[in-house]
Asks: 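Structure provided below as structure tokens; questions to follow.
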Amino acid sequence: MGKTVWIGEVQDGLYDGKTVELKGWIKRTRGSNKMRFIVLRDSTGEIQCVGKKDTIGEESFLALKEALIESSVILNGTVNVDERSEGGHELVVNAVEIVGAVDPERPFPINKEALDVVDEDGEPMPGGSEFLLNHRHLYLRTSRMTTMLKLRSSAFGAIHNYFRAGDFIEYQAPNFVAGAVEGGSTLFEVPYFDKVAYLTQSWQLYAEAAMPALERLYTIAPSFRAEESRTRRHLTEFWHAEMEVAWATNDEIMAHGEGVVRHIASTLLDERESELTSLNRDLDAIARYADSPYPKMRYDEAVEILQSKGVEVEWGEDLDYSKEKILTQDFDLPHFLTHYPKIAKPFYHRVDPDDEKYVLCHDLLAPEGYGEIIGGGERTWSEEEILRRLDEEGTPHEPYQFYIDTRSYGGVPHGGFGLGVDRVVSWLAGASHIREVIPFPRTSRRVTP
RNA sequence: GCCGAUUUAGCUUAGCUGGUGGAGCGUGGGACUGUUAAUCCCAAGGUCGUGGGUUCGAGCCCCACAAUCGGCGCCA
């Protein structure tokens with residue numbers, strides 16, 4: 001029971017005048033007592049199918065009439081080129097088989113009204129209502145969500161392609177861990193037999209352990225952060241593309257960050273132009289993200305710019321989202337922010353040998369208000385400096401003993417970054433909320449369905 | 001952790017000064033031979049989030065709780 005004909009191919013004109021069997025789901029129906037119009041969808045597109053009572057007979061016509069939205073069906077018919085049909089093609093049905101009928105007592109609950117969700121300012125928030133979030137398992141098959149999932153797939157593919165083309169080795173770290181990566185972040189605590197473990201916040205520490213073995217490594221994996229962040233940019237479970245390179249400088253790592261983001265943008269243009277267009281995305285902007293080099297700015301410059309705009313900001317404080325937003329509102333490209341003050345960053349960031357007030361790090365800030373999409377830099381690599389910085393922070397050594405050990409045996413300069421894949425897809429898709437680009441979003445107040 | 005808001009039929013919502021809760025979509029029935037989330041007629045469908053309180057009387061006023069949404073901090 002396979003499937004050989006796809007609606008997308010029919011709409012591309014591959015089957016004009018031919019008899020085909022279409023398998024799919026009913027998106028909507030309309031018609032009279034003599035003919036029915038069925039809009040059939042599958043994963044590749046939609047097509048209008050016409051069933052005439054004279055041609056298909058009483059029984060099949062009744063079946064078509066009774067088939068409710070989201071029933072699965074197999075329709076046999078002839079493909080006609082017809083301008084009256086959306087997409088330019090139409091199936092003239094001559095046989096009908098209902099595979100999975102929908103019970104009229106429980107019709108498909110998502111309708112046009114349910115899809116029109118707006119926020120407090122009247123801005124569209126697709127999929128944002130309690131009802132749609134509760135029915136996420138059914139919302140997945142709406143055209144907007146399908147489009148987002150296709151963009152997401154292309155972005156994941158682009159990341160793998162970028163790193164593999166650069167001879168990186170894909171490497172997996174454990175998700176149960178004993179200690180934190182991010183200094184102030186909260187960890188999800190989970191019972192682990194008679195012990196306590198945590199869900200990983202990052203692959204980084206375990207990647208650094210493998211750095212002397214593989215030298216160039218990367219992953220795409222979920223990371224977990226128990227922050228009660230209620231914003232359009234946060235998930236408690238998000239997909240993290242991380243990389244680590246031996247012997248690399250901050251500039252080299254930034255070049256990879258820029259490279260992978262540009263490659264994601266160009267891949268979306270190559271593979272998903274029609275999806276981007278259907279989302280009303282500005283293709284010129286995506287092309288700019290794919291083709292133009294990303295400007296770099298030191299933290300001090302950013303602070304000066306903010307101060308010149310009248311924003312109160314003290315040297316040494318981390319730049320929060322409200323300040324990032326002011327800084328990036330004039331940008332038409334992602335910008336790197338480099339050389340943050342040491343006091344704003346955790347122990348594993350390498351102190352700048354040229355000026356001990358700073359660390360050799362970078363953040364990549366996306367334009368259009370999407371915020372930080374990459375955080376990275378050189379790592380503290382000598383054993384002596386690691387111990388000193390842990391003590392400065394008051395962080396205990398025990399959970400990091402394996403990490404300290406890696407420095408004792410041939411430590412070398414190295415670094416890497418973490419990229420928020422969902423954030424990048426959200427930005428490039430122009431999504432109104434990060435949950436738009438992940439099938440089952442996990443946020444501080446929702447783990448279901 | 002902090003601030004703000006919402007909760008009325010399966011969905012989206014109206015509901016005046018506190019005085020018998022209306023509609024659209026969907027569903028069921030009927031009409032219609034080219035519709036574009038068709039159109040027209042009819043019907044069923046409501047413990048108004050939960051629990052208290054005030055009142056002759058509460059969807060509406062008061063209190064508590066819950067769920068959810070939006071924003072901030074923090075981050076990717």
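Lettering of chains follows the sequences in order, A, B, ..., and the numbering in each one begins at 1.
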Asks: Please state whether the phosphate of B:C75, meaning OP1 or OP2, lies under 4.0 angstrom from any side-chain nitrogen or oxygen of A:Arg423.
Replies: no
Asks: With ring centroids as reference points, do A:His160 and A:Tyr218 lie under 6.0 angstrom apart?
Replies: yes
Asks: Less than 3.5 Å apart, which donor and acceptor atoms pair up between the side chains of residues 168-177 of chain A and the rest of the protein, not counting sequence neighbours?
Replies:
| from | atom 1 | to | atom 2 | distance (Å) |
| --- | --- | --- | --- | --- |
| A:Glu170 | OE1 | A:Arg164 | NH2 | 2.5 |
| A:Tyr171 | OH | A:Tyr206 | O | 2.7 |

Asks: Return a table of donor-acceptor pairs under 3.5 angstrom between the side chains of residues 98-105 of chain A and protein atoms on other chains or two or more places apart.
Replies:
| from | atom 1 | to | atom 2 | distance (Å) |
| --- | --- | --- | --- | --- |
| A:Asp103 | OD1 | A:Glu105 | N | 2.9 |

Asks: Does A:Asp251 have any salt bridge (charged side-chain N to carboxylate O under 4.0 Å, His left out) partners at least two apart in sequence or in another chain, and if so, which?
Replies: none
Asks: Treat primed atoms plus P, OP1 and OP2 as sugar-phosphate and everything else as base, then score nucleotides 42-50 of chain B 5' to 3': B for base contact with protein heavy atoms under 4.0 Å, S for sugar-phosphate contact only, - for none.
Replies: ---------
Asks: What pair of heavy atoms forms the shortest contact from A:Leu428 to A:Leu276, and how long is it?
Replies: O-CD2, 3.9 Å
Asks: In terms of the nearest nucleotide of RNA chain B, which residue is placed more toward the 5' end: A:Asp363 or A:Tyr321?
Replies: A:Tyr321
Asks: Mind checking which stems touch RNA chain B? I mean at least 3 consecutive Watson-Crick or G-U pairs, both distances under 3.5 Å.
Replies: B:1-7 with B:66-72, B:10-13 with B:22-25, B:27-31 with B:39-43, B:49-53 with B:61-65
Asks: If the C1' atom of B:G53 is compared with that of B:C60, how far apart are they to the nearest Å?
Replies: 15 Å
Asks: Measuring only the C1' atom in each nucleotide, how far is B:G45 from B:U8? A whole number of Å is fine.
Replies: 14 Å
Asks: Give the B/S/- string for nucleotides 33-38 of chain B, one per nucleotide from 5' to 3', where a protein heavy atom under 4.0 Å of the base yields B, of only the sugar-phosphate yields S, and otherwise -.
Replies: BBBBBB
Asks: Tell me whether the NZ or CZ atom of A:Arg298 lies within the 45° cone about the ring axis of A:Tyr358 and under 6.0 Å from its centre.
Replies: yes
Asks: Parallel under 30°, tilted from 30 to 60°, perpendicular over 60°: which one fits the rings of A:His335 and A:Phe331?
Replies: parallel
Asks: Taking 4.0 Å as the cut-off, does a side-chain nitrogen or oxygen of A:His433 come that near to OP1 or OP2 on B:G70?
Replies: yes
Asks: How far, in whole Å, is B:G30 from B:G46 if one measures between their P atoms?
Replies: 23 Å
Asks: Which part of the nucleic acid, if any, lies within reach of A:Phe131 when heavy atoms closer than 4.0 Å are counted: base, sugar-phosphate only, or nothing?
Replies: sugar-phosphate
